[in-house]
Structures are given as structure tokens and as C-alpha cells.
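The figures that follow rest on heavy atoms only: side chains count, while hydrogens, waters and symmetry mates do not. Quantities reported herein were computed from a predicted structural model and do not represent experimental measurements.
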Amino acid sequence: MLDVRRLRLLRELAHLGTIAAVAEALSFSPSAVSQQLSVLEKEAGVPLLERTGRRVTLTPAAVGLVRHAESVLALLEQAGAELAHAKKGLAGPLRIGTYPSAARAIIPGVLGHLAAWHPDVEPMVTEVDPAGVGAALRAGELDVALVHEYDLVPADPEPGLAVTRPVFTEPMYLAARAPGTVAGQRSAPWILSPPGTLCHTMAVRACEAAGFAPRVRHQIDDFTTVLALVGAGQGVALVPHLGTAQQPPGVVLTRLPMYRRTRAAFRAGAGSHPAISAFVSALHTSVPPGLTSDGV
């Protein structure tokens, strides 16, 4: 009989690529991960990993096993959701992931609605860039999370996860000292989010689409700080609608034909869990006026 916990390790190896990354994501030591995968190979009776020095790759048999593991883990999530429905009332922790601008503008309202509807639910909020949400959800560190995608950075389907339809869509703005276009900022210094974030990739691709590579001066992962730096003449930036709440003097926001869309993400099979359903309902109720799933 194949062990589900070991199948989870193999699934994470397929997604993350290295044993070290799996160990970090699931709070194991690399040696423990290797040992458990070796046991899984014995259970399977066929080679699952091909080792070349420090690198490992999945065999065709392992790739097929990962596909079945995804189905098994999704069914377990569905079973957990059904059991939760059998209980009377919602209670216990709900681990929520969110990106920073939604943490300020959306999440307080969501928590207020959850407290009114289900006072025994204990929401626990963690800021996390959408690029890291998949690993956190699969590792069980989060139960549900807000993720976003940009026109220039569409989200690829991620095995093991499910997402709602867009909850709201917001426009993007060029933040500068005067009205302008992205193409007109070829020689300006730019303020970007740190590399590895979706916001960073979006800004780089927007500049590339305008025919140049941005000259990055500052790397800041907080739009309030970004706008303050723009106001101080330190550069220009691309900022989504939720990031423009505190617009300092001297900053001009030029709306662009670009959008950011936000969805709720959770483990595949967990969408019917009453706590996640309650979160999604509270999320829809808390969307600020003017932001809709059909655009702004």
C-alpha cells in the first residue's frame, strides 16, 4: 500500500524540482525527504527517481504516480470538506494568505464579516506574494489565499490547486510626477518590486512591451512607499488601484489599459469546505465599490 504522506513528498518534488526545496517547504531535513522517497520506491516496486550527482529527476513511472497522487489528495480534501459539513457550526483556525495591498484594503472587511457570521472561526492572516502561494497551500501552511494575475503575467494552472473566478479586477496606473505613458519613461529611473514577485515581472514586461528595459533604481514591495518615492522624485512606477489609496502630493496617476485580477485559491477538492466557502462569500461582500469581476 502506498503511503499518502510519501506521495505528497513526491508530488512536491515534481513541483519544486529539488529535494532541498521540498525539505524547506515541508519543514523536513533533506535527508529525511530522501529517506522517505526511497521507502516510497520500495513500496512502488519500480524506480521513481533518477539520480545524477546531487540532482534527481522523476522517472516516467513517477510522473504517472504524481498524476494519481494529485487525484488522491484532492479526494482527501473533498472528504474533509464533507466531514466539516457534518459538524454543527464553523469553528477553529482558518489560515489566510494575502498580498499586501489586499491585506490593507480588503482583508479587514472580510474578517469583520467572518466574525459576524461565524464567531468561532479563528482567522490567521499571513502576507505572502502570490508566487509563493502554491507551495504554502500544498504544504498545509495556508487554507485559502488571495492571488492575482496581470494582463502581461497570466497565471498558469497549478496542479494541486483550484481558484475561483476573478473576484474583482482593478486598473493599473503609471505613477510619475507628470502625466505620461510607459513608453515615455524610457530614460526615467524605475521603482520595482523585488525580483521573483509577480509585480516585478509585470513592470519589466510592460517596459519591454514599450520597447525598452527599465533602469531600476529602487526595489520596494509596498505601494505606499513606492508612491512616496515617486513623490520625492526618485523614479516612476506601475501601481494597481488598491495601491493608490495614499497618494502623496506631487504624484500623478495615469490610468493604463492594463488590469490586475484577484482570485481566491485553495487546495484542489477543498472548495466546498464550509470555512473556505464562508471566506469566499465574505470576500465578495467586502469588495470596494467600483471593483467588479467584469472590470472597473
Are V280 and L90 grouped together when hydrophobic residues (ILVMFWY) are joined by side-chain heavy atoms under 4.5 angstrom apart?
yes
Identify the residue among L58, V66, L65 that makes a side chain to side chain contact (heavy atoms under 4.5 Å, CB included) with L48.
L65
Please say yes or no: joined through hydrophobic side-chain contacts below 4.5 Å, possibly via intermediate residues, are V46 and L9 part of one cluster?
yes
Rounded distance (nearest 0.5 Å) linking atom CG of L253 with atom CG of L227:
6.5 Å
Go through it in stages, so that I can follow the logic: the residues are Y99 and T262, the test is side chain to side chain donor-acceptor pair (under 3.5 Å), and I'd like the CA-CA distance, side-chain angles, deciding distance and then a yes or no.
CA-CA 10 Å; Y99 56 88; T262 292; 2.5 Å; yes
Step-by-step salt bridge (Lys or Arg N to Asp or Glu O under 4.0 Å) determination, R267 to D143
CA-CA 7 Å; R267 288 181 293 278; D143 298 310; 3.5 Å; yes
Under 3.5 Å, is there a donor-acceptor pair between the side chain of T164 and the main chain of A264?
yes
Interatomic distance, L83 atom CG to H273 atom NE2 [nearest 0.5 angstrom]:
9.0 Å
Could you check whether any side-chain heavy atom of L238 comes within less than 4.5 Å of a side-chain heavy atom of M202, counting everything from C-beta outward?
yes
Which residue, R261, R260, R263, E170, forms the side chain to side chain contact (heavy atoms under 4.5 Å, CB included) with H148?
R260
Qualifying salt bridge (Lys or Arg N to Asp or Glu O under 4.0 Å) pairs with a residue from residues 34-46, counting only residues at least two apart or across chains
R6-E43, E41-R51
Per the side-chain hydrogen bond (donor to acceptor under 3.5 Å, both in side chains) rule, what does the pair list look like for residues 215-228, sequence neighbours excluded?
H218-Q234, D222-T225
Please report the shortest heavy-atom distance between S34 and I19, naming the atom on each side.
OG-CD1, 3.4 Å
In Å, rounded to the nearest 0.5 Å, how long is the span from CZ of F168 to NE2 of H284?
10.5 Å
May I have the step-by-step check of side-chain contact (heavy atoms from CB on, under 4.5 Å) for I96 and F279, ending in yes or no?
CA-CA 9 Å; I96 301 166; F279 173 83; 3.7 Å; yes
Closest non-hydrogen atom pair, G97 against V128:
CA-CG1, 4.0 Å
Using every non-hydrogen atom in the two residues, find where P240 and F223 come nearest and quote the distance to one decimal.
CD-CZ, 3.3 Å
Co-members of the apolar cluster containing W117 [side chain, <4.5 Å]
none
Joint hydrophobic cluster, L26 plus V39, side-chain heavy atoms closer than 4.5 Å
no
Give a yes or no on whether V167 and V125 share a hydrophobic cluster (residues Ile, Leu, Val, Met, Phe, Trp, Tyr; joining criterion: side-chain heavy atoms under 4.5 Å apart).
yes
side-chain hydrogen bond (donor to acceptor under 3.5 Å, both in side chains): pairs with one or both residues in residues 183-196, sequence neighbours excluded:
none
Can you list every pair that meets ring-ring contact (aromatic ring centres under 6.0 Å, His included) and has a residue in residues 6-30, with sequence neighbours left out?
none
Is the H241 ring parallel, tilted or perpendicular to the Y173 ring (thresholds 30°, 60°)?
tilted
Mind checking whether Y150 and L198 have side chains closer than 4.5 Å, heavy atoms only?
yes
Single-linkage hydrophobic cluster, 4.5 Å side-chain cutoff, L73 and V163 together:
no
Looking at CG of L142 and CG of L137, how far apart are the two atoms once the value is rounded to the nearest 0.5 Å?
5.5 Å
Restricting to pairs with a member in residues 11-31, which pass salt bridge (Lys or Arg N to Asp or Glu O under 4.0 Å), not counting sequence neighbours?
R11-E70, E12-R138
Closest approach of A210 to V182 (non-hydrogen atoms, all atoms of both residues):
CB-CG1, 3.9 Å
Return yes if some donor-acceptor pair links the side-chain N/O of T201 with the main-chain N/O of T197 below 3.5 Å, else return no.
yes
The reported gap from CD1 in I106 to CG in L146 (rounded to nearest 0.5 angstrom) is 8.0 Å
Could you check T59, L13, L40 and say which one makes a side chain to side chain contact (heavy atoms under 4.5 Å, CB included) with L49?
L13
Does E82 use its side chain to pair, donor to acceptor, with the backbone of A86 at less than 3.5 Å?
no
What's the spacing between D151 CG and R205 CZ if we round to 0.5 Å?
12.0 Å
